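Shown next, in structure tokens, is the structure this report addresses.
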Amino acid sequence: MSAVLGRIGDFAFRRRGLVVSIWIALLIAVIGGAAVGGGHLDDRFTVPGAESQHALDALAETAPGAAGATAQLVFTAPPGHLISEAPYRAAIAHTLETAGTAPGAVGVTTPQQAGTTSPDQRTAIGIVSFTGDRSQVSDAARTTVERSADSARDAGLDVSVGGTVYGVGQMQPGLTEVLGLGVAVLVLLITFGSLLAAGMPLLSAIFGIAVTVGGMLGVAAVVPVSSTALTLALMLGLAVGIDYALFILSRHRSQLAAGLSPRESVVRAGQTAGSAVVFAGTTVIIALAALSVIGIPFLTVMGLAASGAVLVAVAVAITLLPALAGFAGPRLTPSAGSRAERRAATTGANSLGARWARLVTARPILTVAAVSVALIVLAIPAVSLRMALPDNGSAAAATGQRQAYDTIAEKFGPGFNGPLVVVVDASGDAGAAARVAETVRGLPDVAFVAPPQPTRRTGQSLVLVVPGSAPESRQTADLVHAIRDQAPAAVPDARVAVTGDTAVTIDVSQRLSASLLPFLGVVVGLSLLLLVVVFRSIAVPVKAALTFLLSVAAALGVTVAVFQWGWAADLLGVAKTGPVVAFLPIILVGVLFGLAMDYEVFLVSGIREQWLREGDATGSIVDGTRHNARVVTAAATIMVVVFASFVPTDDAMIKPIAFALAVGVLVDAFAVRLTLVPAVLALLGRAAWWLPRRLDRILPELNIEGPQENQPVRREEERLPEPVSV
């Protein structure tokens with residue numbers, strides 16, 4: 001692998017104009033494809049094979065109004081007035097008539113028809129039904145509904161517009177993302193001491209995410225792509241794009257300071273740091289692409305989009321970055337006598353990395369105990385983890401959908417925001433639906449059961465059930481299961497299914513919960529296998545897997561404490577505390593696994609190199625750590641800053657994911673890789689590098705370190721190092 005990457009770097013360096021031209025042409029092509037394709041983002045949650053999804057798909061033909069998205073117009077009369085007063089009734093009727101003209105609207109239900117007037121007679125709800133789900137409702141349709149409320153407001157009513165036509169928030173890049181990039185530039189400047197060198201990782205990363213986003217928008221014209229998938233790809237692509245370029249460019253500048261020519265240094269940087277980048281990127285890609293096996297389209301798109309962003313970041317790092325280095329030439333060499341030259345050429349025995357390594361390995365038992373206890377304490381809240389998908393109650397407080405949600409919960413009860421639809425198919429039994437409705441009325445946590453309504457299909461009826469609890473509550477999930485368990489017994493010859501948006505989200509959440517442990521097992525098993533091959537050791541992979549689990553548990557615990565328990569929620573702008581986003585743990589495992597392996601390989605490969613060279617178990621830890629600690633620190637800091645810059649968003653899905661990833665990288669890089677790992681290796685001593693001879697013989701050789709640094713330096717550009725085989 002290192003030999004191939006060396007040749008790729010050499011080609012990119014020599015034919016830099018061609019390489020840059022190819023990337024620019026690719027960028028133009030994907031942006032043009034996105035513009036011509038006219039794709040739109042699709043935020044549907046579906047769960048193929050589930051009862052709720054099957055029934056909802058069937059209702060698209062037999063009861064489009066029940067299966068499609070709805071807009072709710074919530075009217076509230078001023079204090080001292082009733083919603084039934086003649087001027088208000090007229091204003092509501094005119095508003096709903098206008099809203100019914102929205103593109104795609106198939107019907108309007110007045111408060112009188114639906115019986116949606118609050119007990120205090122001050123609030124009423126009108127409903128506009130659309131064909132298709134939220135993704136098929138145009139912005140023009142939402143605007144028409146929102147503007148229709150102006151006449152009611154002119155009459156003195158307070159009106160808020162919500163319903164399933166709205167999502168829980170959209171990612172809008174703003175000042176915090178710009179500040180995040182600014183901090184990244186500052187870290188790069190401190191690391192390299194050169195504006196030119198600092199700008200190259202940022203330039204290559206931005207170019208990579210431009211290609212990724214353009215490609216995804218083009219693909220959105222053919223397959224559904226969610227806004228959450230796009231934002232995750234943007235966030236991850238930017239973070240790893242900067243980090244991967246940082247790893248390679250740091251090695252390149254160190255070699256330039258040591259006397260290598262620019263061309264030979266690019267080749268060797270590709271063979272060494274480039275190999276580590278490809279290995280780390282591959283682990284991230286595999287882990288994220290594995291999300292597709294769970295069988296939830298929304299999550300599959302997220303995994304493939306994020307893995308595509310990482311793939312582009314790797315490709316940019318090993319091709320475009322060497323080409324840019326070719327244009328920069330010797331100007332990337334640290335100035336003679338400068339601090340940057342001393343820092344790039346060698347990391348001395350008294351560097352901060354060396355001092356830290358000696359500190360944590362001086363009393364390894366104390367270090368391991370202290371860090372482990374701290375991480376376990378952080379992980380404690382994860383025991384109470386509850387998962388669900390966000391709804392309009394998680395939207396920003398100032399939005400119309402959140403105001404409508406809160407008003408409905410206050411005036412009609414929390415369950416009114418998440419009604420269940422019970423579908424009864426009973427040909428030849430006219431009373432089947434009524435018996436199902438009567439059975440459901442007797443179940444716990446049922447606030448209201450509407451009379452059965454027939455659909456277009458003969459013998460099929462719908463029973464609307466309003467739970468007594470909020471849509472994301474455990475009680476509502478229990479009610480769904482109770483209906484599925486008990487209602488069929490009332491009509492043995494009929495088919496009964498529970499569906500609706502609330503039932504679908506419950507089924508999605510439960511499938512994700514059931515998939516978490518198997519997915520975690522696959523990821524941990526993959527890490528063990530890969531690291532045994534890379535490091536020719538049993539103890540190092542086991543240590544890496546266990547410490548990875550600690551990192552995930554700590555990140556998940558802190559996230560639960562903030563987003564579920566409410567600790568510091570106001571400080572972080574959390575609109576509503578409650579269950580954690582259902583797919584967050586799986587996304588956290590997939591992304592953090594790759595990043596943890598990234599830092600593990602970069603640090604431990606340096607330690608192993610020193611061990612093979614010197615045979616000193618303790619000294620190799622200090623020597624190996626001091627060479628790479630500064631780069632890992634810079635890379636992790638940039639990663640944390642990039643993820644943290646997405647936390648202030650109002651998007652209820654992206655906010656907790658960004659927070660969890662920022663905490664996860666912070667914990668894994670600084671507490672685990674730079675502190676716990678050296679201490680554990682010091683405790684293990686020579687045993688850390690033990691591998692049974694029989695296993696050593698059958699394992700493939702995977703050289704990600706490239707040529708050893710003590711090889712003779714050849715300064716002439718024509719005399720490149722011989723390729724090193726895997």
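Just so we're clear, the structure is a prediction, and the values are computed from it rather than from any experiment. Just so it is clear, the values below take in all heavy atoms, side chains as well, and ignore hydrogens, waters and symmetry mates.
Side-chain contact between L189 and L195: present, with at least one pair of heavy atoms (C-beta onward) separated by less than 4.5 Å. When side chains are defined from C-beta on, L26 does not count as touching I22, because their heavy atoms never get closer than 4.5 Å. Residues L666 and V663 are not in side-chain contact: their nearest non-hydrogen atoms beyond the backbone lie 4.5 Å or more apart. Counting heavy atoms from C-beta on, the side chains of V187 and V641 never come closer than 4.5 Å. Inter-residue side-chain proximity for V562 and L571 is flagged as unmet; no heavy-atom pair is nearer than 4.5 Å. Annotation: side chain of V558 is not in contact with side chain of W567 (no heavy-atom distance under 4.5 Å). For the pair L661 and F646, the minimum side-chain heavy-atom distance is 4.5 Å or more. Counting heavy atoms from C-beta on, the side chains of V552 and F548 come closer than 4.5 Å.
Rounding to the nearest 0.5 Å places CG of L592 at 8.5 Å from CE of M597. Between T282 atom OG1 and L530 atom CG the span is 9.0 Å, to the nearest 0.5 Å. Here the CG atom belonging to L676 is positioned 6.5 Å from the OG1 atom belonging to T547, to the nearest 0.5 angstrom. Here the CG-CG distance, from L531 to L526, works out to 8.5 Å after rounding to the nearest 0.5 Å.
Evaluation of the side chain to side chain contact (heavy atoms under 4.5 Å, CB included) rule for I24 yields V20, I28, F207 as partners, not counting sequence neighbours. Scanning for salt bridge (Lys or Arg N to Asp or Glu O under 4.0 Å) contacts around E600 gives K543, R673, with sequence neighbours left out.
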Would you tabulate the side-chain donor-acceptor contacts of residues 286-312 under 3.5 Å, counting partners in other chains and residues two or more places apart, or write 'none'?
unit_1: S292; atom_1: OG; unit_2: A289; atom_2: O; d: 2.7
unit_1: T300; atom_1: OG1; unit_2: I296; atom_2: O; d: 3.2
unit_1: S307; atom_1: OG; unit_2: G303; atom_2: O; d: 3.0
unit_1: S307; atom_1: OG; unit_2: L304; atom_2: O; d: 2.9

Could you pull out all donor-acceptor pairs under 3.5 Å where a side-chain atom in residues 235-248 meets a protein atom, sequence neighbours excluded?
unit_1: D243; atom_1: OD2; unit_2: Y599; atom_2: OH; d: 3.1

Tell me which donor-acceptor pairs under 3.5 Å the side chains of residues 209-226 have, and how far apart each pair is, sequence neighbours excluded?
unit_1: T212; atom_1: OG1; unit_2: G208; atom_2: O; d: 3.0
unit_1: S226; atom_1: OG; unit_2: A229; atom_2: N; d: 3.0

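Between M200 and A328 the shortest heavy-atom distance is SD-CB, 4.4 Å. Scanning both residues, V667 and A554, for their nearest heavy atoms gives CG1-CB, 4.2 Å. Smallest separation of non-hydrogen atoms from G353 and A629: CA-CB, 3.9 Å.
Using modelled atom types, one side-chain atom of W356 and one backbone atom of L674 make a donor-acceptor pair closer than 3.5 Å. A distance-only check finds a donor-acceptor pair linking the side chain of R402 to the backbone of A395 [under 3.5 Å]. With Q53 contributing its side chain and V47 its backbone, the two residues share a donor-acceptor pair below 3.5 Å. With R630 contributing its side chain and T191 its backbone, the two residues share a donor-acceptor pair below 3.5 Å. Checked by atom type and distance alone, the side chain of N628 pairs as donor or acceptor with a backbone atom of F602 at under 3.5 Å. The backbone N or O of F670 sits less than 3.5 Å from a side-chain atom of T675, completing a donor-acceptor pair. A distance-only check finds no donor-acceptor pair linking the side chain of Q510 to the backbone of D507 [under 3.5 Å]. A distance-only check finds a donor-acceptor pair linking the side chain of R16 to the backbone of F13 [under 3.5 Å].
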Verdict with reasoning, L5 to Q271, per side-chain contact (heavy atoms from CB on, under 4.5 Å): CA-CA 6 Å; L5 291 173; Q271 293 173 326; 5.7 Å; no
CA sep, side-chain torsions, deciding dist, call: V677, V680, side-chain contact (heavy atoms from CB on, under 4.5 Å): CA-CA 5 Å; V677 167; V680 171; 5.9 Å; no
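Each salt bridge (charged side-chain N to carboxylate O under 4.0 Å, His left out) pair with one or both residues in residues 562-583, not counting sequence neighbours, appears once here: E472-K576.
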